[in-house]
Novice: 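Encoded as structure tokens, here's the structure I'll be asking about.
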Protein chains: 2
Amino acid sequence: MAEQYILIQSAPLKAFAKSMLMGAGVAVDRAELVAQSLLEANLRGVDSHGVQLLNFYIEHMAMGCMNLTTNGRIVTESGGTMTYDADNGIGQVISDICCDHTIRLAKANGMALVSVRHSNHFGAAAFWSQKIARAGLIGMSFCNATPLVPPWQGKEPRFGTNPICMAMPGAPETGWLLDMATTTVAMGKIFKANFSGDPTIPAGWAFDSDGVPTTDTQKAVKGMPMPLGGYKGYGLALMVEILVGVLSGGSMSTEVGGVRIRTRPMSCGQAFIGIDVERFMPLDEFNARMDKLVGLAKDTPPAPGYTEVLVAGEPEWRSLRKRRVQGIPLSKGVWQQLGKTASLVKVTPPEVADIEYQG
Amino acid sequence: MAEQYILIQSAPLKAFAKSMLMGAGVAVDRAELVAQSLLEANLRGVDSHGVQLLNFYIEHMAMGCMNLTTNGRIVTESGGTMTYDADNGIGQVISDICCDHTIRLAKANGMALVSVRHSNHFGAAAFWSQKIARAGLIGMSFCNATPLVPPWQGKEPRFGTNPICMAMPGAPETGWLLDMATTTVAMGKIFKANFSGDPTIPAGWAFDSDGVPTTDTQKAVKGMPMPLGGYKGYGLALMVEILVGVLSGGSMSTEVGGVRIRTRPMSCGQAFIGIDVERFMPLDEFNARMDKLVGLAKDTPPAPGYTEVLVAGEPEWRSLRKRRVQGIPLSKGVWQQLGKTASLVKVTPPEVADIEYQG
């Protein structure tokens, strides 16, 4: 089945997102920040973490599950470490504040770890690692999330897709940027397949609800995503859970709610790490070394069936450059759902055009 | 083909390893440390990182490729960060010193990162994360290694199996301990299959030398291991390369030699991270939270075909408890190779018994 798409430029899409958030009671500067974080994901081609999240966020806000005005508070600050209580605040607002603390503490101590509890969904992790990186640091970000993933050999969900993300202080729109779920794919990609009406997903993405591998989109949506490579992805998910859930003193594993559970706060956690590369060498030298590393990877002759070698972040930066000019394609399924969400907060969607697009 | 094994208790095996190292010119306290690191890997069932590494170490030492007496030196120390030049020292000797620096700096600053250049193979990463963890910290360790792994979509090796390792300050022989190569398996497991005479390896472990997937052990030994889960494992390998190779100012990617390249120093790098959990909460509380997290994982009902859910580290601790009592089984292929290596340094192997063992 050919999928149907609409095309929208980033400015009106961001304005639409911002209006919806303000319609849900979010203050203008906060709505701007959340809209920006979602827009950047769409521009980077990471549509699973773009504006389609508003379908969850707005309903969550409308149910009174989120504190729209709090800034959270510092619980402990000591050397390069901080525990932060998000007070059920907007994930992006809290993360923005906590990245600022990460930057401050890393510059003062060489490196820093800020672990955050009782927070909400923060969008794509890359947005936050990049914020830390723009301050001249290596930026890392992590979160736990709705328990959707079973431990290896288990049949019930216990862990989120718990991403690992790392961004470099060099050129912000080239180079290397890792943002990966510790599952084979982020659950958002399975949701996107569902929103978009795809009947099947690739093998290796998901289990059905009995813990048996499946390629049926409907079964996968009701089922569970697979840990990356099996038991190792499960190990990485717990590494993230420890940095985020255990160290913060917040919710972990099945204690975490979710963007799809609209009757209670999500209470997820985040962790941010900053590493001051200038403690190791001048920033220019570090950036030159990164360029060299990326060059060594990209110079590799392609394997049979491929024409080039990419590095992490490269597909997204290609999308960013293209979508800034050409606009953002959204599946009609996502767009229609956004229209319904917009009607809840009395916002009229902008006019858009149907397009031919191979998602 | 049924594989043939010998059985040896840990005390005589360690004494044998230590004698071989001393025969190669390593001072007694250093030989003790290296032998201990290899023995612990064998006890934990990680035979790829056990005494079979002496086949490489001893030849490397005999070729004059390693500085057996140096302690290396601090290049920079600033806040929680340090760059360390290993001066081509013994990997375990350097790592022991650098873990002590990591502990000291993490206790002073809340967390610490020590990045090490011009080093040599440090054995299993778990040995070092556990050393840091015994000081009451979360311990992490990483290394780059012989370029054996192609970037995703590439056909020539550019990166090592670059492990990620994390150990907890709680109960040292239970709980959770992650030590994983960022390939589907560590190259050592492919070598072990070769030493042991296994004709085939599981699918997903390796490419042949043209970058085409293979299950033929001989082709795999001449070929390349696969990144974990494809492009994500490749991303994680570069994350490690950045912490270890880029930040240290040392060798990276194809600049790194190897335990199999006996004509020049290995010049690999290591990185160690310590996180002082007591900056976040009392250690007892942290350990209780870890127990809870592990319990939440292990309480998951098993998926079809499985009888229990394990956590990272658990299979190795089971092996440790068993092998301490029953001794360490080594394949005859490994044992015969160790005998040849021992003859180089004029050491006589201890008497051992043949056993029936399902490796």
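Below, each value reflects all heavy atoms present in this structure, side chains not excepted, and no hydrogens, waters or symmetry copies. Chain letters run A, B, ... following the sequence lines, proteins first, then strands; residues in each count from 1.
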Novice: Relative to chain B, which segment of A/Glu255 carries a heavy atom at a distance below 4.5 Å: side chain, backbone, both, or neither?
Specialist: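 When you check distances to chain B, only side chain atoms of A/Glu255 fall under 4.5 Å.
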Novice: Considering only heavy atoms and a distance below 4.5 Å, find which of B/Ala312, B/Ser253, B/Gly211 pairs most often with chain A.
Specialist: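 The residue among B/Ala312, B/Ser253, B/Gly211 with the greatest pair count is B/Ser253.
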Novice: Nearest heavy-atom pair of A/Leu296 and B/Met252: which atoms, and what distance?
Specialist: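 A/Leu296 and B/Met252 have their closest heavy atoms at CD1-O, 4.5 Å.
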Novice: Using non-hydrogen atoms only, which part of A/Phe207 is less than 4.5 Å away from chain B: side chain, backbone, both, or neither?
Specialist: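 Neither the backbone nor the side chain of A/Phe207 comes within 4.5 Å of chain B.
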Novice: What's the shortest heavy-atom distance between A/Pro225 and A/Pro150, and which atoms?
Specialist: O-CD, 3.6 Å
Novice: Under a 4.5 Å cutoff for heavy-atom pairs, which residue among A/Val75, A/Leu236, A/Asp210 has the most contacts with chain B?
Specialist: A/Leu236
Novice: Checking side chain to side chain donor-acceptor pair (under 3.5 Å) for the pair B/Ser78/A/Arg279: CA distance, chi angles, key distance, verdict?
Specialist: CA-CA 6 Å; B/Ser78 176; A/Arg279 307 278 183 139; 2.7 Å; yes
Novice: Please state whether the side chain, the backbone, both or neither of A/Val212 comes within less than 4.5 Å of a heavy atom of chain B.
Specialist: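 When you check distances to chain B, only side chain atoms of A/Val212 fall under 4.5 Å.
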Novice: Quick check on A/Leu105 against chain B: is it the side chain, the backbone, both or neither that has a heavy atom closer than 4.5 Å?
Specialist: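 Contact with chain B involves no heavy atom of A/Leu105 at all.
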Novice: Counting only heavy atoms closer than 4.5 Å, note whether A/Thr76 contacts chain B via side chain, backbone, both or neither.
Specialist: side chain
Novice: Need one label for A/Met239: side chain, backbone, both or neither, based on atoms under 4.5 Å from any heavy atom in chain B.
Specialist: both
Novice: May I ask you to check whether over 12 heavy atoms, not counting those of A/Lys298, lie within 6.0 Å of atom NZ?
Specialist: yes
Novice: Kindly give the heavy-atom pair with the smallest separation between B/Ile103 and B/Ala135, and that separation in Å.
Specialist: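 So the minimum-distance heavy-atom pair works out to CG2-CB, 3.6 Å.
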Novice: Should the pair A/Arg289-A/Glu285 be classified as a salt bridge under the 4.0 Å nitrogen-to-oxygen rule?
Specialist: no
Novice: Could you look at A/Arg158 and say if it's the side chain, the backbone, both or neither that has a heavy atom under 4.5 Å from chain B?
Specialist: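 Just the side chain, heavy atoms under 4.5 Å.
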Novice: Is A/Met140 in contact with chain B via its backbone, its side chain, both, or neither, using a 4.5 Å heavy-atom distance?
Specialist: side chain
Novice: Using non-hydrogen atoms only, which part of A/Val311 is less than 4.5 Å away from chain B: side chain, backbone, both, or neither?
Specialist: both
Novice: With rounding to the nearest 0.5 Å, note down the distance linking OH in B/Tyr234 to OG1 in B/Thr182.
Specialist: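 Those atoms lie 12.0 Å apart.
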Novice: For B/Asp179 and B/Pro163, which heavy atoms make the closest approach, and how far apart are they?
Specialist: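 Where B/Asp179 meets B/Pro163 most closely, the heavy atoms are OD1-CB, 4.3 Å.
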Novice: Which answer fits B/Met281, side chain, backbone, both or neither, if we ask what part of it has an atom under 4.5 Å from a heavy atom of chain A?
Specialist: side chain
Novice: Flag the one option from B/Leu247, B/Thr83, B/Leu243 with the top tally of heavy-atom pairs under 4.5 Å to chain A.
Specialist: B/Leu247
Novice: Picking from A/Thr307, A/Val246, A/Ile273, which has the most non-hydrogen pairs under 4.5 angstrom with chain B?
Specialist: A/Val246
Novice: Side chain from CB out, backbone as N, CA, C, O: work out which of these in A/Leu178 comes under 4.5 Å of a heavy atom of chain B, or both, or neither.
Specialist: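 Side chain only.
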Novice: Out of B/Pro304, B/Pro302, B/Gly233, B/Gly80, return the one with the most heavy atom pairs under 4.5 angstrom to chain A.
Specialist: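 Top option by heavy-atom pairs under 4.5 Å: B/Pro302.
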Novice: If you measure from CD1 on B/Ile164 to OG on B/Ser141, what distance do you get to the nearest 0.5 Å?
Specialist: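 Interatomic distance, B/Ile164 CD1 to B/Ser141 OG, rounded to 0.5 Å: 10.5 Å.
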Novice: Given a strict heavy-atom distance threshold of 4.5 Å, which part of A/Phe280 is in contact with chain B: side chain, backbone, both, or neither?
Specialist: both
Novice: Quick one: of A/Ser248, A/Gly250, A/Ala108, who has the most non-hydrogen atom pairs under 4.5 Å with chain B?
Specialist: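 Counting heavy-atom pairs under 4.5 Å, the top option is A/Gly250.
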Novice: To the closest 0.5 Å, what do you measure between CD1 (A/Ile275) and CD1 (A/Ile138)?
Specialist: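 Separation between the atoms: 4.5 Å.
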Novice: Any idea which heavy atoms bring B/Leu113 and B/Ala271 closest together, and the distance?
Specialist: CD1-CB, 4.1 Å
Novice: Can you spot which of B/Thr161, B/Leu148, B/Leu228 makes a side chain to side chain contact (heavy atoms under 4.5 Å, CB included) with B/Thr183?
Specialist: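 Only match with B/Thr183 under side chain to side chain contact (heavy atoms under 4.5 Å, CB included): B/Thr161.
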Novice: Do you know which of B/Ala106, B/Gly249, B/Gly305 has the most heavy-atom pairs with chain A at a distance under 4.5 angstrom?
Specialist: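 Answer, by heavy-atom pair count under 4.5 Å with chain A: B/Gly249.
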Novice: Measuring from atom CD of B/Glu241 to atom CH2 of A/Trp176, what distance do you get when rounded to the nearest 0.5 angstrom?
Specialist: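 Here the interatomic distance stands at 10.5 Å.
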Novice: Chain B heavy atoms under 4.5 Å from A/Val185: which part of the residue, side chain, backbone, both or neither?
Specialist: backbone
Novice: Which heavy atom of A/Cys165 sits nearest to which heavy atom of A/Leu177, and what is that distance?
Specialist: SG-CD1, 4.5 Å
Novice: Return the option, out of B/Gly79, B/Gly154, B/Gly110, with the maximum number of heavy-atom pairs under 4.5 Å with chain A.
Specialist: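 Highest number of pairs under 4.5 Å: B/Gly154.
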Novice: Is a salt bridge present between A/Asp276 and A/Lys107, judged by a nitrogen-to-oxygen distance below 4.0 Å?
Specialist: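 No, this pair does not count.
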Novice: Could you check which of B/Thr254, B/Leu238, B/Leu310 has the highest count of heavy-atom pairs closer than 4.5 Å to chain A?
Specialist: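 Highest number of heavy-atom pairs under 4.5 Å: B/Leu238.
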Novice: Find the one option among A/Ile242, A/Thr184, A/Asn109, A/Val277 whose heavy-atom pairs under 4.5 Å with chain B are most numerous.
Specialist: A/Ile242
Novice: Other residues, nucleotides and ligands only: do more than 12 of their heavy atoms fall within 6.0 Å of NZ on A/Lys189?
Specialist: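 Result for NZ/A/Lys189: open.
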Novice: Look at A/Glu156, A/Lys232, A/Glu77 and state which one has the largest set of heavy-atom pairs under 4.5 Å with chain B.
Specialist: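 Heavy-atom pairs under 4.5 Å are most numerous for A/Lys232.
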Novice: Counting only non-hydrogen atoms closer than 4.5 Å, does A/Met111 touch chain B with its backbone (N, CA, C, O), its side chain (CB onward), both, or neither?
Specialist: both
Novice: Need one label for A/Ala181: side chain, backbone, both or neither, based on atoms under 4.5 Å from any heavy atom in chain B.
Specialist: both
Novice: Output the option from A/Met168, A/Lys292, A/Glu308, A/Gln153 having the highest count of non-hydrogen pairs under 4.5 Å with chain B.
Specialist: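 Among A/Met168, A/Lys292, A/Glu308, A/Gln153, the one with the most close pairs to chain B is A/Gln153.
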